Structure formats: structure tokens, C-alpha cells
Amino acid sequence: MTTAIPLTVPNFSLSGGLPVIARSRPGPDILAARLVIRGGSGADPHHRRGAHQLLAGAMTRGCGSLDADALADLVEGAGAALRAEAHEDSLVLGLKCAATDTPDMLPLLLAMVRRPLLAPDQVAIERQLNLQTLLRQKEDPYQLAHDQLLGQLYGEGPYGHDPLGVEGDLEGITGDLLAELTAGLGRQGAVLVLSGTLPDNLEPLLESSLAGLPWATHLPLGSSAGEPTKLEWGGVGSRAGSLMALEQDTEQLVLMLGCPTVPLGHPDALPLRLLQTHLGLGMSSRLFVVMREERGLAYDVGVSLPARCGAAPFVMHLSTSADRAEEATACLLEEWRRLLEEPLDPEALELARAKYIGQDAMGRQTCAQIAERLALVLSHGLPGDHVERCLARAADLDGAALQQAARRWLHQASLSLVGPAPALASATAAWEAAGGMDLSRSRSPL
């Protein structure tokens, strides 16, 4: 087996430049691999939203000399898991297999990227599946509220749509366009991370899969230094700080309150992550205790802050009964404003730190989790020990530092509503009473 190496140094690079990070790990004889290619749905061509997700699905339907049936038989016959999907900033291919099957399975990752078949009938099947998923999503109030909020925050920018795309655009995506996208994969960088039981002939094995078709790529680069504006970090829409409502004949109201913030590598990403942990992680979180346990206002409540190369959305979300829409909206706005006006007390901050550390520990127990986490930070152009640096830095942050980050990035939020007309009217009244788009203004009666 290969000896473990420092996280910041690749084991080797393949012909053309693809960096390979190989982490030997004792335990069951399995291998987990994660190939991350910068780009993703944020790089979908204009009016072709969903192109990269369609390409990802088509990659799993044949590559090299294997058609769709042969590829499925090979993978399923080995009891392996092989998938590809588009994220906002990347195209991600994942593999998990028994170590004895590595010679057959691992080369598939590179074959899917360099030699996908893109058979017209298989592309058509994948397109139809995506269209069916989009149709089902129209019945999900959470998905509708989420998609509406993306438009408010990012407009036509790279993060303004779900990776799955939109119906009208998907129908116009051709196999020729997918072939063009395939030819451009890796121009913004890519990285392959392996964890588990490594084969002795790892480098020759991977090189052989690129024989005759070397892949010109490199380790993804980080964002530019300095303090860029939000527009430079994610294509923020002009409707930030707005309210939008979509009527749906249901008995509950879904609210999503959010704004664009910062990339994963930004200095304020860690304070915001601790705030997200404080507000929405677990049954002891602030929103769960106040809105569900104490006041009974929410069926479901939480906070999301995904990792992004650009302006990541910080979003509070909840569902409430239609007859309590105004109270729930007012309470949610009050909790958002609290982030700006009151620093976390030492006890709350210490709990947030403990949860943050615990989540990290639980997120690196398996080979697949280790490969996923390392590939994530490297694909953002960050050092391999980025998470460890954040864990060390978290101990030095106080409540004032978290409040300052909130004031810099959370002062202008947008509200997305989906529900019955009376609930929408009540929630809108609460929004207007709270001062609407500018939550940094002086406190208004709620």
C-alpha cells in the first residue's frame, strides 16, 4: 500500500496534469474515489440550463467500449457504486468498490470523462428522466420556494437555477452541445482523490485509461485575493432584498429567508458556518427551540449554508400552518435581526463550536467521506488541511466576530413564500411591518 502523505501535496499527476491524491487507509478492503471537475451547473450555457446535469447522467450510460447495458452489468456485477452529478461549481464522479475490483472499476471514472458515448437514445432517456423530476418538483412547496429564492438572490447569474435545469432549456440541449461541454471539461481544473486500499500499480492503471487521449487539466485554483464584491463572487441578482410569493393550494406556508454571502475560502465563511450551526443544527439549535418547542410555529425549521466557490446562500427555512403565517414570519425575521443586533453569548458559542467539531468528526469516518471532504476543499483551490485550519481558528472566534460577519453579509435578506393566498397576505404584512428588505434598520414592532 501507498504510504500516507501530507494533505497539501499530491501523490502524482497524470499525463496532461490531472492531480491524484491517494490516501491509504486501513480497514475493510474497499476503495472510494472522487473525481471533481470545476464548472458544473454554474457553467451551463445561456438558455441551456441543465446541460451539465444531463451530461453527468449521460456519462453513466456508456463510455469507451461499453454501451449502457455493458457498463451497468460491469458495475452492478461487482456490487460497486458509480455515479455522476452536476453541482453548482463542479461536475462530480464518485466510485466505491471492493479493492479486488479496482483494476476494472477505477479506469471507468476517466473513461466517462474522456470517452463518454453520448448515444442519442441514451441522452433522450436521461433528458426525459430529468424532465419528469422537474415535473414532480412542481408539486413540492419547498422546491418551489427554493427555486424562487435562487432567482431573487442570483437572477440570471451562475447560481440562479437548480443544477437539474429548467424544462424549456432541457428540451433544446443536443448531443452536439454535450460533446462540446465534454471537450471543455478540466479547463478550470480537476482533482481525483482516492481513499482506502490502494492498488500497487495505481499510477500505471490510471495512465493506461488515458492512453491515446491525455487530459490537459490542473489542480483547481482558488479565488482571487483581496476582498471582492458579491457580484465578483457569484453573480448576485438585482432583486436581493425582495419578497416574492407563489400561491399554492395547500394548508401550510413555506418560507425561505436568505441572502448571498461568501465562498468557502473567505475569512467570513467560518463565522457564518458557526452561526448556521447555532441556528439550525440539531434539537438544541436556536430556531428549533424557539420556533418549534417554545412557540409551536414550525413543522420543520432549519438553516443551510452550502459550500460554494462564489457567493454561497445563507438561508433560514421553515414550514408553518397557514393560520399562523404572520406570527411565524415575524418570528423568523426577528431571529434574523437578532444575528445583527446581539452577539452570541459564551455558552451558545461554545455549544456551536462543539457541534461544529462533532460534525467534522462524524463526516470523516468512512473512506467515501474522507475522499469527498478532501476533494471538496481541493476543488475550491484551498489547501488540503483547510478544515483543520478552520477547526483551530474556531477556538479564537468570539461572539463579536460572528456578529461582525453577520452585519457584513446578512444585512439585506430576501423572502420567498409558497402557500395559500390568505397565508401569503399575512406573511407579507409581517414582512412590511418589519421594515421589508433592510433588516439592518432600527427595530420595528413585530
Side-chain angles (χ1 to χ4, degrees), residues 2 5 8-23 31-40 43 45 51-52 54-67 70-71 74-75 80 82-87 89-95 97 101-119 123 175-195 198-222 371 374-376 378-381 384:
T2 303
I5 57 169
T8 55
V9 181
N11 284 56
F12 56 87
S13 293
L14 298 181
S15 299
L18 176 68
V20 180
I21 316 297
R23 301 288 307 282
L31 178 73
R34 190 92 167 173
L35 174 59
V36 182
I37 308 165
R38 277 280 282 272
H52 280 88
L54 181 57
L55 173 60
M59 285 178 171
T60 66
R61 293 180 171 273
C63 62
S65 62
L66 302 172
D67 62 15
L71 179 59
L74 178 61
V75 174
L82 178 66
R83 58 189 176 86
E85 58 188 355
H87 296 181
D89 294 309
S90 58
L91 200 66
V92 180
L93 287 76
L95 168 70
C97 66
D101 294 317
T102 297
D104 294 325
M105 294 294 109
L106 190 55
L108 294 178
L109 290 179
L110 297 179
M112 288 165 63
V113 175
R114 301 299 288 149
R115 299 189 299 277
L117 292 186
L118 303 180
V123 172
D176 289 341
L177 175 59
L178 298 186
E180 289 180 20
L181 295 179
T182 299
L185 292 176
R187 289 176 182 168
Q188 298 180 55
V191 62
L192 174 61
V193 178
L194 312 173
S195 177
L198 306 174
D200 294 332
N201 64 335
L202 177 58
E203 187 169 357
L205 177 65
L206 291 171
E207 287 286 8
S208 65
S209 65
L210 291 176
L213 194 61
W215 187 12
T217 187
H218 54 81
L219 189 68
L221 303 177
L374 185 52
L376 173 68
L378 292 175
S379 69
H380 280 68

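All values reported here derive from a predicted model rather than from experimental measurement.
One distance of note links CG of Leu54 with CG of Leu178; it measures 5.0 Å at 0.5 Å rounding. Taken to the nearest 0.5 Å, the CG atom of Leu206 stands 5.0 Å off from the CG atom of Leu202. To the nearest 0.5 Å, the span separating CG on Leu66 from CG on Leu117 amounts to 8.0 Å. Note that OG1 of Thr102 is 8.5 Å distant from CG of Leu198, once rounded to the nearest 0.5 Å. Note that CZ of Arg83 and OG1 of Thr60 are 11.5 Å apart. Values are rounded to the nearest 0.5 Å. Note that CZ of Arg38 is 9.5 Å distant from CG of Leu219, once rounded to the nearest 0.5 Å.
Minimum heavy-atom separation, Pro45 to Ala51: CD-CB, 4.0 Å. Shortest non-hydrogen contact noted between Val191 and Ala375 is CG1-O, 4.2 Å. When all heavy atoms of Leu210 and Ser15 are compared, the closest pair comes out as CD1-O, 4.2 Å. The minimum heavy-atom distance linking Ser90 with Val36 is given by the pair CB-CG1, 3.6 Å. When all heavy atoms are compared, the tightest approach of Leu192 to Ala33 is CD1-CB, 4.4 Å. The minimum heavy-atom distance between Ala371 and Ala32, with the atom names listed, is CB-O, 4.2 Å.
Remark: the backbone N or O of Ala56 is not paired with any side-chain donor or acceptor of Glu85 at under 3.5 angstrom. At least one donor-acceptor pair closer than 3.5 Å links the side chain of Trp215 to the backbone N or O of Leu185. A donor-acceptor pair is defined here as one N or O able to donate and one able to accept, closer than 3.5 Å; such a pair exists between the side chain of His218 and the backbone of Arg187.
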Worksheet item: Taking it one step at a time, do Leu108 and Leu95 satisfy side-chain contact (heavy atoms from CB on, under 4.5 Å)?
Response: CA-CA 9 Å; Leu108 294 178; Leu95 168 70; over 6 Å; no
Fill in: Check against side-chain contact (heavy atoms from CB on, under 4.5 Å), Met105 and Leu74
CA-CA 8 Å; Met105 294 294 109; Leu74 178 61; 3.5 Å; yes
Discussion item. Could you walk me through whether Leu93 and Ile37 satisfy the side-chain contact (heavy atoms from CB on, under 4.5 Å) test, starting with their C-alpha distance in whole Å, then the side-chain angles of each, then the deciding distance to 0.1 Å, before giving a yes or no?
Written reply: CA-CA 9 Å; Leu93 287 76; Ile37 308 165; 4.3 Å; yes
Practice prompt. Quick one: do Arg61 and Leu71 satisfy side-chain contact (heavy atoms from CB on, under 4.5 Å)? Show the steps, please.
Written response: CA-CA 7 Å; Arg61 293 180 171 273; Leu71 179 59; over 6 Å; no
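Of the residues Leu374, Leu35, Leu106, the one that meets the side chain to side chain contact (heavy atoms under 4.5 Å, CB included) test with Leu194 is Leu106.
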